[in-house]
Structures are given as C-alpha cells and as structure tokens.
Amino acid sequence: AIEIRNAILFSELEEIGEGMKVYRGFVPNMQVQGQVTKVVIRPQDEAFWDRCINLCMEDYPVCGVGNPGIGKTTTSLYALQQLVRERRTPVVYTIRKTLGSKDVFYEFTPVVDPESTQLNDVAVKIYQIAASEKHLKIPALQNTNAVYFVDSGAYEYSCDDAGDCEAKFIMDASNDEKHWGGSNFTKFRGSASPLEMLDRPTRTHPGILVLGSPWTGRQVVLAKPYLHLLQQLTDNEVLRRYRIVGGSLRDVLFFDERNFTNKVQTALELDAITIRGLVEGRYKFTFQPNAPSSILVGVCPSDNALTVLKTTLKSDHIEECLAMKHLRTSWYAVLDEENSGNRGNIFKSYLRVKFSKEPMRFSTAEARESVRERPGKRNEKKNYRQIAITVGSCRSVLRVSNMVETVRTDQTQLNLYYSKDESEELIDMIYRVDGGFEAIQSTVRKSHDASPDKIRSLKTKLGLGENETLKIFYAVPSPRFAHFVTDPVNPLLDQPDLGNVSIFHLCISADDPGRA
C-alpha cells in the first residue's frame, strides 16, 4: 500500500516514442505484492482509463473490458494517479481474490492544503475483510465523491458491487461477462435482493462497458528495451512471438509456444456457423461462456468513445490455423466483394502457409502471365499468356517491421517475409530466389491495384540489379480467377524501365493447388 501511495505521488512518465511512455524507475507490480516492475503506458491505455474515469465522474458505473494480458491491472497505477493525484479523489482499490472471503481493500485519500489546493500527501488505510462487508466497514464507500475501483482478479463471480455503495464505481475485467454479471450491468442498478434495496442506494444510470485495445507488434518492439524479459531478444524474435500469440503482452513476455499452439488447436474445434462467422469477420462476440475462446478471439473498440465492440482473431498464427483447418468449409465466405472483416486476412494467412510449406505447381489452366505487348487488337491492352509455373518452397515465415528492407539485406533463401504495418502497398509477402525476388499479393476482389509507379518504387527499394528479376504473383480465389484483372490491366505496357519485372495471376482452389 505504501509503495502504491509513493508511486501515486511521485512516479512520472517519460516519452519513449510514438506516443508511448514509461514510468521512470520502477513502480509497484500491481499484480504481485512486494514486487516492483517497469510499466509502459500506451496511448490506448491513457484513452482507456481516461474514458473510464470521465464516465465514472458522470455517475455511470463503468467496467473496462479487454483480453487477458493486455495490461489492464498493470496500468491501473495510471488510473489511480489520475483519480487521486490529478483529481484529488478518494479511492478504495481492491483486486478480488478467488473466494472473496478476505479481500484486501486499499483506501487512498488525498491530503490537500485548503488554501493552495496543493496535494500534500496521500493517506492510506488497509482493510482485510469479506467483500460482502465492505459497504459496512469502509466509510469512504458511502462518500458520493469517492471512487470504488475493483479489479476482478481471480474472482469467479460478478464483481458488480456498484449497487452496494454511494461511491462512484469503476472495475476492470477480462472479456467474460461473469465478471460484471452479464446484461444486468448495462440495464439495472442496485442490489438484487428487494430487502437490501430498502437500505442501500439505487442508481438510475446503466453501466457502460469501455473496451481496451490489444498491443500491436510495433508497440511491443518499442517497449522491448524497458521489459527485462524481452531485452535480450532480437526484434525479429519479439515479432515471431507476437505473430503466434498476438496482442497479449503477458503471452509475449511469458512465451510458451507449444502450450499456446496446443490450446489453439483445441479451441478451433468449433461448429460450422461459428467458423463461418469468424472467417467472414461477422461473428458477434457475446461475452458468454459458449463464445469462442479468448485464446482465439480478441476484442477491441471500433469507435473513439471505446464502447462499440469489434471482434478480431488474436494473432496471425491463429488466422493461419483457422484458414488451414476450416477455409474449405467457408470458401465462399472469402469471396465478398469488400475485402473487409477477416475475409482478406484469412485468405492471406492461407497463402502464407501454402507458399512457405512446399513448392506449389500451377498448370496452364491455373496460371497466366501478363504480357507487356499489346494483343494486336485496336485499343486492346489486356494480354495474357497461359503458363505452367512453380511458386514457393519450404521457408520460415517471419513477420517483420519492413519486409522489403529485410528481404533486401537477407542473402539467404530461407525466409518468407510479411508485415502488417502497410509499409508496402503493393505486396503482402516476399522472399528471395535465385536471380532475384518473388512477391505475393493476395486478393479476394475482382480487380487489384498494379500501379506502374508502385511497381517502380518496389523495384527501387529492393535495389533490383540489372541481372535480377522481380516476379509479382496476384493470387486469387478460383471463382474470381477467370474475370480477375489488375488496375491497369497491363501494368507493364510501355514501361521499358520495368523490363526485369514480370506479373502473373494464380488461381487458388479450395482444394489444394497442384503440388510440385
């Protein structure tokens, strides 16, 4: 309690880049009593806690919801600072235990100079009592200007105690409605017992769920120098972990690849309707026990108010596993004209696995080359040559910050690189081959950008030599293949400086394309 009090008063944040901050020195580990740690605060963490606090101050009971491991408990120090130090608000803070019989409640009361309004100190009291008695034994909980701040911790039941207290209410929880009592949280305020409602406060405001955001790969790399479990790792190893486990910083820090991948395979035993919903990106996460496991599914906000839910698959590895296990079941789900939701990602994930697993041979019915000459017809530009071609080979799949820069400096042919920071508009993945490079652009659309200027830019960034070639493959689902075109339809026409670039279209079947 004293360590938290000292951190509330004295710990300061410093910038580490791209809006991210870290507390100077060590601060209390909010999850483990007696330990200290380094804590990184992302812009999303500040927005999350600021939104929770602002709604709370308007007398809305608030539950901050997010996937396990994104840092809700770890960054709660920031919320305590904002409440106690910045707003001079008394706070009763607790992390619920498994049984709730002897929880520890920390009461932090700002001591303010009445004349200067300067914060002189923070008084601390500790209560170790049954949670059911808190409203009787902690006077601050009957103070309408105070905040009752609950971390759901290991408690297996509802932590929605807003109806027991006069104090304002904030809690944080993982994405399981058992922590906040289901739909009642957002509809009904007050105790469930009619007798208790006679002598306990009843609120009229519904509760509000505020959604936290998973970490991005870039954020994990930026935080790496400040997190001792990652400091000795290369950026590529950090991103390798991230591509497997996704936006849970805890899972990146305490990485157990075999255990995690086994859990993924178990969690993917789903019914056909749920599978299709995940592939289409239209699955409505309900927070109920029968929802897909949080091993697979991440939640995040899709609006600036952080209250509109967006459901995503947690990691690239999970997308790949879903694609390989279930894409045939939901093949036509990827053919929506709009490359939105998870459709494009699932197809892209499928291709990453296929082209890095073994050489894939395409027949003349499954592949064509875009010929740079006119076909001979007046005003016609589209010109194709049917070919048989082999693409891909056994390679390691690596997610990197800049795939073009990385593949240029890698003289081996051992890796397939991709990135998700949109640093390269034209392609999704790339690898080195004898005499140059091969790049893949996946698309579920009927047409796709092939701007000569973008091709020229990619060639320049690769440092493509006179004796090197660049082959760009547009990989398209089989029902789209016959009518698929690039934009422009013949991007190499009248582009003499792109003479060492070739463009191909590949037909990807729901059944495996031919193997070499």
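Because the structure is predicted, anything quoted here is derived from the model rather than measured.
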Hey, can you tell me if Phe484 and His505 have their rings parallel, tilted or perpendicular (30° and 60° cut-offs)?
perpendicular
Can you check whether Ala305's main-chain N or O pairs, donor with acceptor, with Arg51's side chain at less than 3.5 Å?
yes
Between Gln44 and Ser213, is any side-chain donor less than 3.5 angstrom from a side-chain acceptor?
no
Is atom CD of Gln231 surrounded by more than 12 heavy atoms (other residues, nucleotides or ligands) closer than 6.0 Å?
yes
State plainly whether the residues Arg243 and Glu320 are in salt-bridge range, i.e. N to O under 4.0 Å.
yes
Would you check, one step at a time, whether the test side-chain contact (heavy atoms from CB on, under 4.5 Å) holds for Arg374 with Asp494?
CA-CA 9 Å; Arg374 294 180 184 271; Asp494 300 327; 4.0 Å; yes
Applying side chain to side chain contact (heavy atoms under 4.5 Å, CB included) between Val27 and each of Val22, Val36, Val39, report the one that passes.
Val39
Measure across Met403 and Tyr418 and return the closest heavy-atom pair with its distance rounded to 0.1 Å.
SD-CA, 3.7 Å
Would you tell me whether Arg361 and Ser363 have side-chain atoms, one donor and one acceptor, within less than 3.5 Å of each other?
no
For Met324 and Tyr350, which heavy atoms make the closest approach, and how far apart are they?
SD-CD1, 3.6 Å
Is it true that a side-chain atom of Thr312 and a backbone atom of Lys314 form a donor plus acceptor pair closer than 3.5 Å?
no
Test your reading of the model: is there a side-chain donor-acceptor pair from Asn415 to the backbone of Tyr417, 3.5 Å cut-off?
no
Regarding Gln441 and Tyr474, do their side chains bring together a donor and an acceptor under 3.5 Å, going by distance alone?
no
Considering non-hydrogen atoms only, spot the tightest contact between Asn500 and Gly465 and give its length.
ND2-O, 3.4 Å
State whether the side chain of Ser457 and the backbone N or O of Asp453 hold a donor-acceptor pair below 3.5 Å, judged by distance alone.
no
Please check if atom CG in Asn304 has more than 12 non-hydrogen atoms from other residues, nucleotides or ligands closer than 6.0 Å.
no
Where the side chain of Ser509 meets the backbone of Ser478, is there a donor-acceptor pair that is under 3.5 Å apart?
no
Side chain Lys459, main chain Asp497, donor-acceptor under 3.5 Å
yes
So, is the end of the Lys38 side chain (NZ or CZ) under 6.0 Å from the ring centre of Phe26 and within 45° of the ring's axis?
yes
When you measure from the side chain of Asn383 to the backbone N and O of Arg372, does any donor-acceptor pair fall under 3.5 Å?
no
Closer than 3.5 angstrom, by distance alone: can the side chain of Gln219 be matched with the main-chain N or O of Thr216 as a donor-acceptor pair?
yes
Distance alone, cut at 3.5 Å: any donor-acceptor contact between the side chains of Ser174 and His179?
yes
Could you report the tightest heavy-atom contact between Ser294 and Asn67, atom names first, then the distance?
O-ND2, 3.6 Å
Do the side chains of Arg408 and Glu405 get close enough for a salt bridge, i.e. N-O under 4.0 angstrom?
no
Salt bridge (Lys or Arg N to Asp or Glu O under 4.0 Å): which pairs involve residues 222-233, sequence neighbours left out?
Lys224-Asp235
Just wondering, are more than 12 heavy atoms of other shown residues or ligands nearer than 6.0 Å to NZ in Lys178?
yes
Judged by modelled atom types alone, do Ser442 and Asp428 share a side-chain donor-acceptor pair under 3.5 Å?
yes
Can a cation-pi geometry be assigned to Arg399 and Tyr242, taking NZ or CZ under 6.0 Å from the six-membered ring centre and within 45° of the ring axis?
no
Partner set under ring-ring contact (aromatic ring centres under 6.0 Å, His included) for Phe473, not counting sequence neighbours:
Phe504
Between the side chain of Asp45 and the main-chain N/O of Arg42, is any donor-acceptor distance below 3.5 Å?
yes
Give the minimum heavy-atom separation between Lys72 and Gly66, together with the two atoms involved.
NZ-O, 3.2 Å
Nearest heavy atoms of Thr73 and Gln31, plus distance in Å
CG2-CG, 3.3 Å
Side chain proximity check, Tyr23 to Tyr78, heavy atoms < 4.5 angstrom
yes
Does a side-chain heavy-atom distance below 4.5 Å link Leu492 with Ser370?
no
More than 12 foreign heavy atoms under 6.0 Å from CG of Asn467: is that the case here?
no
Student check: side-chain heavy atoms of Leu296 and Leu270 closer than 4.5 Å:
yes
Do side-chain atoms of Thr75 reach the backbone of Ile41 as a donor and acceptor pair under 3.5 angstrom?
no
Arg368 to Phe481, cation-pi by 6.0 Å centre distance and 45° axis angle
yes
Kindly determine whether Glu257 and Arg240 satisfy salt bridge (charged side-chain N to carboxylate O under 4.0 Å, His left out), including the steps that lead there.
CA-CA 10 Å; Glu257 183 170 358; Arg240 187 185 80 84; 3.1 Å; yes
Phe254 and Val245: side-chain contact (heavy atoms from CB on, under 4.5 Å), yes or no, with the steps?
CA-CA 11 Å; Phe254 302 99; Val245 301; over 6 Å; no
Quick one: does Ile430's side chain get under 4.5 Å of Leu462's, heavy atoms only?
yes
Please evaluate residues Val297 and Leu278 with respect to the criterion side-chain contact (heavy atoms from CB on, under 4.5 Å), reporting the C-alpha separation (whole Å), side-chain torsions for both, the decisive distance (0.1 Å), and the verdict.
CA-CA 9 Å; Val297 176; Leu278 291 174; 4.0 Å; yes
If you apply the rule side-chain contact (heavy atoms from CB on, under 4.5 Å), what do you find for Leu322 with Glu319, and how did you get there?
CA-CA 5 Å; Leu322 179 67; Glu319 287 179 354; 5.8 Å; no
Do Arg24 and Glu12 meet the salt-bridge criterion of a basic N to acidic O distance under 4.0 Å?
no
